[in-house]
Amino acid sequence: MMLLRSFKLLRRRRRSNLPPFPFSSPRRHSTAVDVSNSKDVVSSSIVTQLQELLQHPKDEWNSQESKNLLLPLLFNDSEPLSSRQILQITRQLGSTTKALDFLEFIRTNAEPEQQHCHLLSSVFQSALELANRDATSKIEVLKLHGYLKSQNWKIDLSSQSALILLRCLEGAKMVDDSLFLFKRLDNSAKNPGIFNELLRLLMKSGRIDDALQVLDEMLERDSKILLNGSTGDTVIEELVKWRDPRGRSFSDEETLALVKKLGEHGVFPDTFKLTQLITNLCKRKSNNAAREILHCVMEFGGEVDAAPCNAMLTGLGKGRDIEGMNKLLVKMQEMNIRPSVVTFGIVFRHLCAARRVDEALEMFNKLRGKGESNLFGVEPDVVLFNTLIDGLCKVEREEEALSLLEEMKTGSKHKPNTITYNCLIDGFGKAGNIHKAQELFDQMNEEGVQPNVVTLNVLVNGMCRSGRVHSAVEVFNAMKEKGLKGNAATYTPLISAFCGVNNIDKAMQFFDEMLSSGCSPDAIVYYSLISGLSIAGRMDDASIVVSKLKQAEFGLDVACYNVLISGFCKKNKLERVYEMLEEMEKVGVKPDTVTYNTLLSSLGKSGDFETANKLMKKMRKEGLAPSVVTFGALIHANCLNDNVDYAMTIFQEMCSTTSKVHPNTVIYNILIDALCKKDDVEKAVSLMDDMEERGVRPNTTTYNAILKGIRDKGVLNVALALMDRMIANACRADYVTMEILTEWLSAVGEIGKLDRFVMGYSVSSDSRSSLAKLFAASNSSPKALCKSSDGKESSTESMEKLSTTSMAKLFTVSTDRPLRAPSKLADRKTSSRRSSSAKISAASTSSQRAPCKSSDGKASLTTSLAELFTVSTYHPLREPPESPDRKRKSS
DNA sequence: CTAGGGTTAG
């Protein structure tokens with residue numbers, strides 16, 4: 001129908017003498033005539049004519065008649081159609097398909113010498129515009145892209161065409177095609193819009209190298225584009241937010257390279273983006289990159305205010321880099337960047353974390369203009385108060401924190417809020433002052449400061465810690481009645497506490513309650529339950545919780561593996577230990593110092609020195625430095641295996657000035673206990689003096705160990721001196737202490753002293769002199785109840801001491817700190833510790849068998865931890881009960 | 001920029 005109408009139209013035109021068709025009157029003439037005033041009229045008539053002609057189906061265009069009409073209009077060398085006209089004409093065709101038909105028509109009918117490139121280019125652009133206008137545009141545009149490819153890119157693309165294609169290709173994630181398109185693009189078509197589009201696209205796809213190249217090309221052509229256009233912003237914006245589906249973002253180098261490149265041309269991220277950039281980099285622990293970027297912006301003259309510096313300070317603080325923080329603060333001063341109240345918040349927090357609260361307080365007082373004028377023009381706010389209060393609480397200076405609270409209430413415009421009280425309640429709760437914690441809680445209620453779930457949690461936690469689980473449950477119930485629901489952090493301490501008193505049922509009950517109350521457990525709740533069960537030795541239950549945790553799609557972290565390993569070690573379920581280690585390797589959780597310490601301690605206790613020594617070597621190879629716990633395990637292992645002398649050697653090395661790890665209370669406790677058990681109370685006592693000299697605080701365990709030792713010696717006045725010291729050191733007696741003292745003091749008729757002790761009064765007359773002196777004086781003349789030791793035995797003992805010490809020296813030559821290998825003497829001695837000597841002999845044979853085991857195929861230079869652990873634990877010689885014959889055979 | 005829970009050795 002359309003056709004018919006346009007034919008009629010043509011005919012009508014011919015008949016009536018309306019404006020002549022170009023072909024009917026000589027064109028030159030008409031243009032010549034009209035050029036002065038009616039070019040547009042004539043041109044527009046050309047457009048109209050072409051539009052009308054092209055309304056016919058494409059088959060008809062190729063009829064001779066139509067061609068005769070169309071071609072002269074299209075290919076008029078003297079007055080070529082403008083791009084605008086072609087676009088207009090093509091647009092009128094109404095569909096992409098028709099536009100393409102038109103394109104083909106031009107191509108097939110153009111004489112080779114005719115200039116038709118711009119014709120094609122414009123028709124194609126129009127085709128793209130037609131394709132791009134509705135919902136199905138993406139497919140249509142992609143079709144045209146396909147056409148372009150099939151034509152081997154013979155059509156010159158206009159900027160507009162390129163833009164449409166690029167946008168569509170971006171949506172289709174066809175980055176390589178986009179780049180290829182750009183490369184084929186004529187220089188004249190590469191305008192700022194194209195550059196921006198392509199850069200954005202490349203950045204969005206994470207193709208920084210390509211983006212940098214395009215950027216270079218752009219800067220080469222015109223470096224002003226960066227400054228005038230939005231290019232810099234585009235790049236930076238993508239740089240900040242880009243994440244690939246797997247969460248990878250640009251590498252530090254890439255980010256740095258881009259910021260530098262832009263900075264060189266005077267383009268900088270604004271303060272918001274710079275802050276984000278630095279925050280992101282710091283979050284992935286790329287503090288150095290973040291710092292470089294910040295400095296780069298500063299050096300190239302970009303504007304930097306406090307915000308990005310604060311982000312950087314936060315990052316440095318997280319990395320415990322106080323030095324770096326200081327440098328940045330100095331730099332800020334140099335660059336005249338005014339710190340904000342946030343800057344001080346960060347600085348205070350980290351000063352407090354480094355236990356340098358006084359420095360924070362000092363600065364705080366300066367801010368408050370106490371005495372002098374406020375240096376920085378920064379007003380302290382409630383956050384600063386809270387930070388300091390928390391800091392003081394965390395270094396056990398609750399009383400000072402309390403006075404800051406008073407200041408807030410009376411002298412300051414910053415009234416305490418929930419966080420203020422939470423910090424204080426937590427502080428007092430952790431210090432064991434539940435009474436004060438409760439009082440603060442009441443106080444906040446009186447003042448109308450709303451408690452929140454954290455308030456509940458710190459209260460509950462404080463109570464659980466000081467063994468008042470019942471009160472904790474009461475508080476929790478009361479809060480529930482007020483409509484405050486607990487969260488995972490409420491349940492965790494309760495579960496731990498109930499596990500701690502071996503009330504597993506109650507712990508499980510709370511776990512179930514948590515689930516049924518609709519509170520979703522997080523990994524830590526699971527961990528605490530697993531840990532509680534493991535410590536309680538209920539490894540089967542622990543394993544069930546582990547599988548529940550896995551069902552909830554949580555993973556075990558290294559700490560969780562550690563408690564499990566420790567539990568299985570204690571149950572001697574070595575195959576489960578092996579399983580755990582293997583799983584860790586499989587899921588990529590690296591064993592840490594704690595893992596090694598746990599294994600070492602377990603191996604040491606069972607006397608498997610062979611594996612333990614290998615483990616030490618591996619630990620070192622993994623770059624893990626032995627900690628005080630490692631030495632504790634070694635010392636303990638040697639003590640348990642009748643090598644207290646070697647344990648002492650290790651200890652002495654720890655005390656040397658070159659040692660990096662110094663003995664702590666636990667180390668002393670192990671040795672004091674071992675020495676007392678070995679009947680070498682004299683040495684134990686002198687160790688206790690030594691402790692005092694070195695400023696290592698004895699605890700209840702220390703006193704209990706030594707009290708047991710001297711009880712067997714019957715030196716009462718040393719005991720009394722010790723009791724005084726316990727009181728002086730605020731060291732609480734526990735049931736073990738009471739048991740020893742009750743028995744002993746009532747036996748010697750001094751039970752009254754115990755009463756005085758319990759009430760906190762002094763019981764001794766000479767508590768000032770050293771214990772060793774007291775002991776020597778008391779021990780020279782044996783007293784009643786003193787169990788005399790067998791003289792003969794002690795002489796053999798001293799012989800043995802000598803030889804084991806020399807063995808020890810032999811071992812200390814190696815760079816590793818070895819466990820003391822069992823001496824031959826130990827074998828010869830008929831030990832009362834049947835099982836341990838059996839283990840020792842088995843361990844000593846394992847050194848000969850180990851190579852066999854490692855040659856059975858799997859062994860490689862990098863033995864896995866799990867493998868290492870199994871080599872000797874599964875050693876056949878360890879399993880069967882010892883027989884004297886076999887022992888001799890093996891040595 | 002400020003508050004809360006689990007982690008090895010004796």
Side-chain angles (χ1 to χ4, degrees), chain A residues 306-307 310-311 313-314 317 339-350 352 381-391 393-394 417-427 429-430 452-462 464-465 486-497 499 521-532 534-535 557-567 569 592-602 604-605 627-637 639-640 664-674 699 701-702 704-705:
Chain A
N310 291 344
L313 285 168
T314 305
S340 66
V341 65
V342 178
T343 315
F344 286 96
I346 302 163
V347 171
F348 286 5
R349 182 185 135 90
H350 288 99
C352 289
D381 64 359
V382 65
V383 176
L384 289 191
F385 270 104
N386 290 348
T387 307
L388 290 169
I389 286 176
D390 190 49
C393 286
K394 294 230 155 79
N417 62 16
T418 309
I419 295 180
T420 320
Y421 278 102
N422 289 350
C423 295
L424 282 159
I425 293 172
D426 188 46
K430 282 193 175 129
N452 63 11
V453 67
V454 178
T455 321
L456 167 64
N457 294 350
V458 292
L459 266 175
V460 166
N461 187 36
C464 286
R465 273 164 172 258
N487 62 15
T490 326
Y491 286 96
T492 306
L494 287 168
I495 290 171
S496 292
C499 285
D522 60 11
I524 295 182
V525 197
Y526 282 107
Y527 295 164
S528 68
L529 194 53
I530 292 167
S531 154
S534 297
I535 291 165
D557 67 357
V558 62
C560 195
Y561 278 113
N562 288 343
V563 292
L564 284 163
I565 288 172
S566 169
C569 277
D592 62 1
T593 312
V594 176
T595 320
Y596 279 95
N597 288 346
T598 310
L599 293 172
L600 279 172
S601 144
S602 169
K605 274 182 203 156
S627 68
V628 64
V629 181
T630 317
F631 288 113
L634 300 188
I635 288 173
H636 192 215
C639 289
L640 287 176
N664 64 5
T665 307
V666 178
I667 301 283
Y668 279 100
N669 291 352
I670 302 166
L671 285 166
I672 287 171
D673 186 61
N699 59 19
T701 313
T702 325
N704 291 346

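Letters go in sequence order (proteins before strands), and every chain restarts at 1. Everything numeric here is computed off the predicted structure, so don't read it as measured data.
For A/T701, there are no side chain to side chain donor-acceptor pair (under 3.5 Å) partners at least two apart in sequence or on another chain. For A/S627, the side chain to side chain donor-acceptor pair (under 3.5 Å) partners are A/N597, A/T630, not counting sequence neighbours. Scored by the side chain to side chain donor-acceptor pair (under 3.5 Å) test, A/Y526 finds no partners at all (sequence neighbours excluded). Residues passing the salt bridge (charged side-chain N to carboxylate O under 4.0 Å, His left out) test with A/D673 are A/K677, sequence neighbours excluded. A/D390 is linked by a side chain to side chain donor-acceptor pair (under 3.5 Å) to A/K394, counting only residues two or more places apart in sequence or in another chain.
Counting non-hydrogen atoms under 4.0 angstrom, A/S528 reaches the backbone sugars and phosphates but no base. Residue contacts for A/N461: at a heavy-atom cut-off of 4.0 Å it reaches the sugar-phosphate backbone alone, with no base atom in range. No engagement by A/D592 is indicated, since no non-hydrogen atom pair under 4.0 Å with the nucleic acid exists. Counting non-hydrogen atoms under 4.0 angstrom, A/N704 reaches nothing in the nucleic acid. Base contact: A/N597 has a heavy atom under 4.0 Å from a base atom. If you check every strand for non-hydrogen atoms under 4.0 Å, A/N452 touches a base. The residue A/G632 sits apart from the nucleic acid: no heavy atom pair falls under 4.0 Å. A/N417 comes within 4.0 angstrom of no nucleic acid atom, judged by non-hydrogen atoms across all strands. Here A/V563 lies in heavy-atom contact (under 4.0 Å) with sugar-phosphate atoms only. Across all strands, A/T701 comes closer than 4.0 Å to base atoms (heavy-atom distances). A/V525 comes within contact range of at least one nucleobase, with a heavy-atom separation under 4.0 Å. Residue A/I346 is classed as a sugar-phosphate contact, given heavy-atom separations below 4.0 Å to backbone atoms only. As judged by a 4.0 angstrom heavy-atom cut-off over every strand, A/V453 is placed among the base-contacting residues.
Put simply, chain A comes within 4.0 Å of DNA chain B, heavy atom to any atom, from B/dC1 to B/dG10, going 5' to 3'.
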Notebook entry, point to check: How far apart are the C-alpha atoms of A/L313 and A/V342, what are their side-chain angles, what is the distance that settles it, and do they pass the side-chain contact (heavy atoms from CB on, under 4.5 Å) test?
Noted result: CA-CA 10 Å; A/L313 285 168; A/V342 178; over 6 Å; no

Checklist line | Residues A/N699, A/N669; criterion side-chain contact (heavy atoms from CB on, under 4.5 Å); working and verdict | finding: CA-CA 9 Å; A/N699 59 19; A/N669 291 352; 3.2 Å; yes

